[in-house]
Engineer: 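Here you go, one structure.
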Amino acid sequence: MHQKTALVVSAHSADFVWRAGGAIAAHAKLGYDVTVVCLSFGERGESAKLWRKPGMTLEAVKADRKREAENAAKALGVHDIQFYDLGDYPLQITPDAFDRLVDLYRGIRPEFVLTHSRQDPYNFDHPMATEFAQHARVIAQAHGHRPEVPVLGAPPVYLFEPHQPEQCNWTPSFLLDITGVWEQKLAAIQCMEGQEHLWEYYTRVALQRGVQASRNSDYKIIYGEGYEAVFPHVTGTLGHGALA
């Protein structure tokens, strides 16, 4: 039986938790091997609490952020978490990192990909991360790139919710029920000790998306996550499908 896989490309080491933790936990529960790639530790722009401690160094911040992300990944049931350490504020995509992500696409052959919105005027690392993730996906489909390795198919790409969606031209086309895995997501959120100020905010986001999901379905949903599809959804029927 073919092992189902999924890929999450996260600009910083906390992004996958806030924005896609429910999807990760839900699909891990369904038997997917979910791989998370953290391009950066968020060591400069998203670690203010750590930098306020006396004697803090860049390497110490990175180590703490890595520990938090690994603990969160464990809470969510992540199969593999990888850290590319490409810098932060600004993120710097290197040729070696590009090849590494292309090879990962072909190696795990994800059934779907989760990454950032196309725009984010508050954090330019985020659109850079989604451009990187989607560009690498296209190269992984190219027959002339390392022709000795089988090419990737066409996994759908879903863009998870940015911090301020209205400012990022992001509109959800999928609302995912994460009620059954909310406690796992909350546990992962609470692993991100350096950004405790966001715990309540992302709880409110999940509740709001849950209300919207209920209003757009026949299901009772308490907690949800929103995603914007990059490509058309291919289906054989336009009726209601089973809710996973």
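Remember, predicted model here, so these are calculated numbers, not experimental data.
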Engineer: Could you go through K4 and R109, starting from their C-alpha distance and side-chain angles, then the distance that decides it, and tell me whether this counts as side-chain contact (heavy atoms from CB on, under 4.5 Å)?
Structural biologist: CA-CA 9 Å; K4 291 185 175 183; R109 310 187 73 79; over 6 Å; no
Engineer: Taking the side chain from D88 and the backbone from S40, do they hold a donor-acceptor pair closer than 3.5 Å?
Structural biologist: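 No: the side chain of D88 does not pair with the backbone of S40.
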Engineer: Nearest heavy-atom pair of E161 and R19: which atoms, and what distance?
Structural biologist: O-NH1, 3.2 Å
Engineer: To the nearest 0.5 angstrom, please state how far the NZ atom of K66 sits from the CD atom of E68.
Structural biologist: 12.5 Å
Engineer: T179 side chain to I222 main-chain N or O, any donor-acceptor pair under 3.5 Å?
Structural biologist: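 Side chain of T179 to backbone of I222, a donor-acceptor pair under 3.5 Å: yes, one is there.
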Engineer: Using residues 140-157 as the side-chain source, report each donor-acceptor pair under 3.5 Å to any protein atom, sequence neighbours left out, with the distance given to one decimal.
Structural biologist:
| unit_1 | atom_1 | unit_2 | atom_2 | d |
| --- | --- | --- | --- | --- |
| Q141 | NE2 | G153 | O | 2.6 |
| R146 | NH1 | D103 | OD1 | 2.7 |
| R146 | NH1 | D103 | OD2 | 2.5 |

Engineer: Without hydrogens or angle criteria, can the side chains of Y223 and D177 be said to hold a donor-acceptor pair below 3.5 Å?
Structural biologist: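 No, because no side-chain N or O of Y223 sits under 3.5 Å from a partner of the opposite role on D177.
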Engineer: If we ignore hydrogens and angles and just use 3.5 Å, is the side chain of D125 paired with the main-chain N or O of L91 as donor and acceptor?
Structural biologist: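 Present.
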Engineer: Restricting to non-hydrogen atoms, name the atom on A20 and the atom on L114 that form the minimum distance, rounded to 0.1 Å.
Structural biologist: CB-CD1, 3.9 Å
Engineer: For residues H233 and Y158, report the shortest heavy-atom separation together with the two atoms involved.
Structural biologist: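 For H233 versus Y158, the nearest heavy atoms are ND1-OH, 4.5 Å.
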Engineer: Would you indicate whether the side-chain heavy atoms of Y105 and P110 approach each other to under 4.5 Å?
Structural biologist: yes
Engineer: So, H79 versus Y32, ring centres under 6.0 angstrom or not?
Structural biologist: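 No, they do not, as the ring centres are separated by 6.0 Å or more.
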Engineer: Count I, L, V, M, F, W, Y as connected when their side-chain heavy atoms are under 4.5 Å apart, and connections chain through other members. Are F16 and V230 then in the same cluster?
Structural biologist: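 No; tracing contacts between hydrophobic side chains, which count when under 4.5 Å, never links both residues.
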Engineer: Charged N to carboxylate O below 4.0 Å: is that the case for R118 and E228?
Structural biologist: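 Answer for the salt bridge query: yes.
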Engineer: Any Lys/Arg nitrogen of R65 or E70 sitting under 4.0 Å from an Asp/Glu carboxylate oxygen of the other?
Structural biologist: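 No salt bridge links R65 with E70.
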Engineer: Is there a side-chain contact between V34 and V8 in this structure, where contact means two heavy atoms from C-beta onward sitting under 4.5 Å apart?
Structural biologist: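 When only atoms from C-beta onward are counted, V8 and V34 do touch, with a gap below 4.5 Å.
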Engineer: I'd like to know if the side chain of H27 and the backbone of A23 have a donor-acceptor N/O pair within less than 3.5 Å.
Structural biologist: yes
Engineer: Within the side chain of S13, is there an N or O that forms a donor-acceptor pair under 3.5 Å with the backbone of C38?
Structural biologist: no
Engineer: If you measure from CD1 on I189 to CD on E200, what distance do you get to the nearest 0.5 Å?
Structural biologist: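 Taking CD1 in I189 and CD in E200, the distance rounds to 11.5 Å.
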Engineer: Give the intermediate values and the outcome of side-chain contact (heavy atoms from CB on, under 4.5 Å) for residues R100 and Y84.
Structural biologist: CA-CA 9 Å; R100 182 178 175 182; Y84 282 25; 3.2 Å; yes
Engineer: Can you measure from CZ (F41) to CG (L58) and round to the nearest 0.5 angstrom?
Structural biologist: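 The CZ atom of F41 sits 10.0 Å away from the CG atom of L58.
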Engineer: Please examine the side chains of T35 and T5, heavy atoms only from C-beta on, and report whether any two atoms are closer than 4.5 Å.
Structural biologist: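 The answer is no; the side chains never approach within 4.5 Å.
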Engineer: Can you hop from I24 to L176 via hydrophobic side chains spaced under 4.5 Å?
Structural biologist: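 Yes; tracing contacts between hydrophobic side chains, which count when under 4.5 Å, links both residues.
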Engineer: Using 0.5 Å steps for rounding, measure from the CD atom of Q92 to the CG atom of D85.
Structural biologist: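 Separation between the atoms: 12.0 Å.
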Engineer: Rounded to the nearest 0.5 Å, how far does CG of L101 lie from CG of D96?
Structural biologist: 13.0 Å
Engineer: Decide yes or no for I108 and D33: does some side-chain heavy atom of the first lie under 4.5 Å from some side-chain heavy atom of the second?
Structural biologist: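 The answer is no, as the side chains (C-beta and beyond) never meet within the 4.5 Å cut-off.
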Engineer: If you measure only the distance, is there a donor-acceptor pair under 3.5 Å linking the side chains of Q212 and R209?
Structural biologist: yes
Engineer: For the residue pair L186 and E183, establish whether any side-chain heavy-atom pair is separated by less than 4.5 Å.
Structural biologist: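 Counting from C-beta outward, L186 and E183 do come under 4.5 Å.
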Engineer: Check whether I81 and L39 end up in the same hydrophobic cluster, where Ile, Leu, Val, Met, Phe, Trp and Tyr are linked by side-chain heavy atoms less than 4.5 Å apart.
Structural biologist: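 I81 and L39: separate clusters.
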Engineer: Could you check whether any side-chain heavy atom of Q82 comes within less than 4.5 Å of a side-chain heavy atom of V36, counting everything from C-beta outward?
Structural biologist: no
Engineer: Is R204 atom CZ crowded by more than 12 heavy atoms from other residues, nucleotides or ligands, each under 6.0 Å away?
Structural biologist: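 More than 12 heavy atoms, drawn from other residues, nucleotides or ligands, come within 6.0 Å of this atom.
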Engineer: Applying the 4.5 Å side-chain criterion to the ILVMFWY set and letting contacts propagate, would I139 and L7 be lumped into a single cluster?
Structural biologist: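 Yes, one cluster joins them.
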Engineer: Salt-bridged, K62 to E59, with N to O below 4.0 Å?
Structural biologist: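 Looking at K62 and E59, the cut-off is met.
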Engineer: So do the side chains of L159 and Y227 get within less than 4.5 Å of each other, counting heavy atoms only?
Structural biologist: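 With C-beta onward as the side chain, the pair stays apart.
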Engineer: Decide yes or no on side-chain contact (heavy atoms from CB on, under 4.5 Å) for D64 and V61, but give the supporting numbers first.
Structural biologist: CA-CA 5 Å; D64 213 52; V61 172; 5.9 Å; no
Engineer: Taking the side chain from W199 and the backbone from M192, do they hold a donor-acceptor pair closer than 3.5 Å?
Structural biologist: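 Side chain of W199 to backbone of M192, a donor-acceptor pair under 3.5 Å: yes, one is there.
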Engineer: Would you kindly say whether H12 and Y89 are connected by a side-chain donor-acceptor distance under 3.5 Å?
Structural biologist: no
Engineer: A side-chain contact here means heavy atoms from C-beta on lying under 4.5 Å apart; do P121 and C168 qualify?
Structural biologist: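 With C-beta onward as the side chain, the pair touches.
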Engineer: For the pair Y201 and H163, evaluate side-chain contact (heavy atoms from CB on, under 4.5 Å) and give the outcome as yes or no after the intermediate values.
Structural biologist: CA-CA 9 Å; Y201 177 83; H163 191 69; 3.3 Å; yes
Engineer: Quick one: does S117's side chain have a donor or acceptor within less than 3.5 Å of a partner on P162's backbone?
Structural biologist: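 No, S117 side chain to P162 backbone: no donor-acceptor pair under 3.5 Å.
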Engineer: Any chain of hydrophobic side-chain contacts (each under 4.5 Å) joining F160 to Y122?
Structural biologist: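 No; Y122 is not reachable from F160 via cluster members.
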Engineer: Compare every heavy atom of P172 with every heavy atom of L175, then report the nearest pair and how far apart it is.
Structural biologist: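 Of all heavy-atom pairs spanning L175 and P172, the closest is CD2-CB, 4.2 Å.
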Engineer: Nearest 0.5 Å please: distance from the CD atom of E225 over to the CH2 atom of W18.
Structural biologist: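 Going from CD on E225 over to CH2 on W18, the span is 13.0 Å.
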